[in-house]
Amino acid sequence: MTMMRKIENLTGAEEAILAAAAESGAGSELRVKASQALREHGLPTRRVEAWHYTDLRARLKEFPTLASEPDPSAGTDWLSGYKALGPAIRLPVLNGYFLGEKADDLPEGLSVEPYAGAGFRDATDSVALLQTLLGRHGMKVEIADGAVIEKAIGMPHGLTGEVAAACRHNVTIGKGARASFVQRHVSRDGLASQSITVTDLEVGDGAEAIWISMQQEGDAAIHLAQLNVTLGEGSKLTILALNAGGALVRREINVLSKGEGSDLTIRGVNLIGGEAHIDVTTSLVHEVPNTVSMETFRNVVFDRGRGVFQGDIRVAQIAQKTDARMACNTLLLSDEAEFSAKPELEIFADDVQCAHGATVADIDPNHLFYLRARGIQEKEARAMLVLAFVEESFDEVEDETLRGGLNGVIEQWLKAHG
């Protein structure tokens, strides 16, 4: 891991972050440590390997007011205008605060309470470091052993204005339990808001879960998110990630396959237009034998958009019989669009099946000609091909309403940008 160098002067944004952290109240020893790390090293630059394609120090030029806890009326107004993807048990988060009084009734086997967790690895772990500095709230979600939660658990996140908000959630899925989650961030265009969210997810032995992470932030928003997952023995997890907005987005997914027989699938779609910069960085660690991970991202880049995919798979020496595969496929639909792909494998076991690959291309002219020859206008034909390229990513969602909602977001975005 690249170590961050000490800096001489802080940027205006770094000063504002430290001031906001100090103003929000005396911190724990961990928060003091985070403050010292930011003061000494600042935000990461291109010199930090994990941030080579996303110079956060240069891109994070300003830091708005840190959001305060919303009053009940603000929560009511926001929820009344929020349109869910489909039927779900809503656990709303506004300005980084879990609104327990606005949550839906909980079925048997599901418990939720406020949570104020924090933690980060080192100065390069900037998403978690910023959450540690600025976050004061979140939720702790527990699903009991053997419980089957039929309805999706919705975790909608919103902001009341041009503010910054940070939160951390802790989610535990008990042994043999089954559940699906939709963690969604939404803000409107023109709002220079900033959201920082860290989620720790533990999937118990024999449990099965679907985790949908999606952000539809406005065209001026900054979104930093981290999902940290631990998989138990015989567990099965499908992560579906959709990025369809934001000016600057960094989404990190870190998974530790800790139990034998665990099965992980990650499928993601990044829709990048305007001058947006979207960075997806994943780390999958296979620590025990007989585990599976399949990771696929599909990206569509328009205009002057810039995308980044960094995928790292590490297989420990003891982790024999690992089956790990990773693919990143990209459509560049503008001469000014850019995409950087950096897939990596670190394999210390000898009896494994591991592979990675990346492609970058425009629409196949033969496919376009086929549709045009049947009387379809070029713009409509291109839209059909792009939609076909990304929509299959969410085929594994059994809930037709939820799958239709996800595909509807994709169709709406492509219609606006295509």
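- For M139 against Y115, the heavy-atom pair with the smallest separation is C-CB, 3.4 Å.
- In this structure A276 satisfies the side chain to side chain contact (heavy atoms under 4.5 Å, CB included) test together with I272, sequence neighbours excluded.
- The pair D323-R325 meets the salt-bridge criterion, since a charged nitrogen lies less than 4.0 angstrom from a carboxylate oxygen.
- Among pairs with a residue in residues 236-246, none fulfils salt bridge (Lys or Arg N to Asp or Glu O under 4.0 Å), at least two apart in sequence or across chains.
- The pair K258-E202 does not count as a salt bridge, with every side-chain nitrogen at least 4.0 angstrom from each carboxylate oxygen.
- The side chain to side chain contact (heavy atoms under 4.5 Å, CB included) test applied to S340 returns Y53, R306, not counting sequence neighbours.
- For the residue pair H169/H157, the side-chain donor-acceptor check at 3.5 Å is satisfied.
- Pairing each heavy atom of T291 with each of G259, the nearest pair is CG2-O, 3.6 Å.
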Under the side chain to side chain contact (heavy atoms under 4.5 Å, CB included) criterion, do L385 and D364 qualify, and how do the steps go?
CA-CA 9 Å; L385 292 171; D364 189 323; over 6 Å; no
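- Here the straight-line distance linking atom CD of Q215 with atom CG of N243 works out to 4.5 Å at 0.5 Å rounding.
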R250 and L56: CA distance, side-chain angles, deciding distance, side chain to side chain contact (heavy atoms under 4.5 Å, CB included) verdict
CA-CA 9 Å; R250 166 83 170 200; L56 189 61; over 6 Å; no
Apply the test side-chain hydrogen bond (donor to acceptor under 3.5 Å, both in side chains) to residues N228 and Q226: give CA-CA distance (whole Å), side-chain angles for both, the deciding distance (0.1 Å), then the verdict.
CA-CA 6 Å; N228 304 309; Q226 185 181 91; 3.0 Å; yes
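- When every heavy atom of S213 is checked against every heavy atom of L227, the shortest pair comes out as OG-CD2, 4.4 Å.
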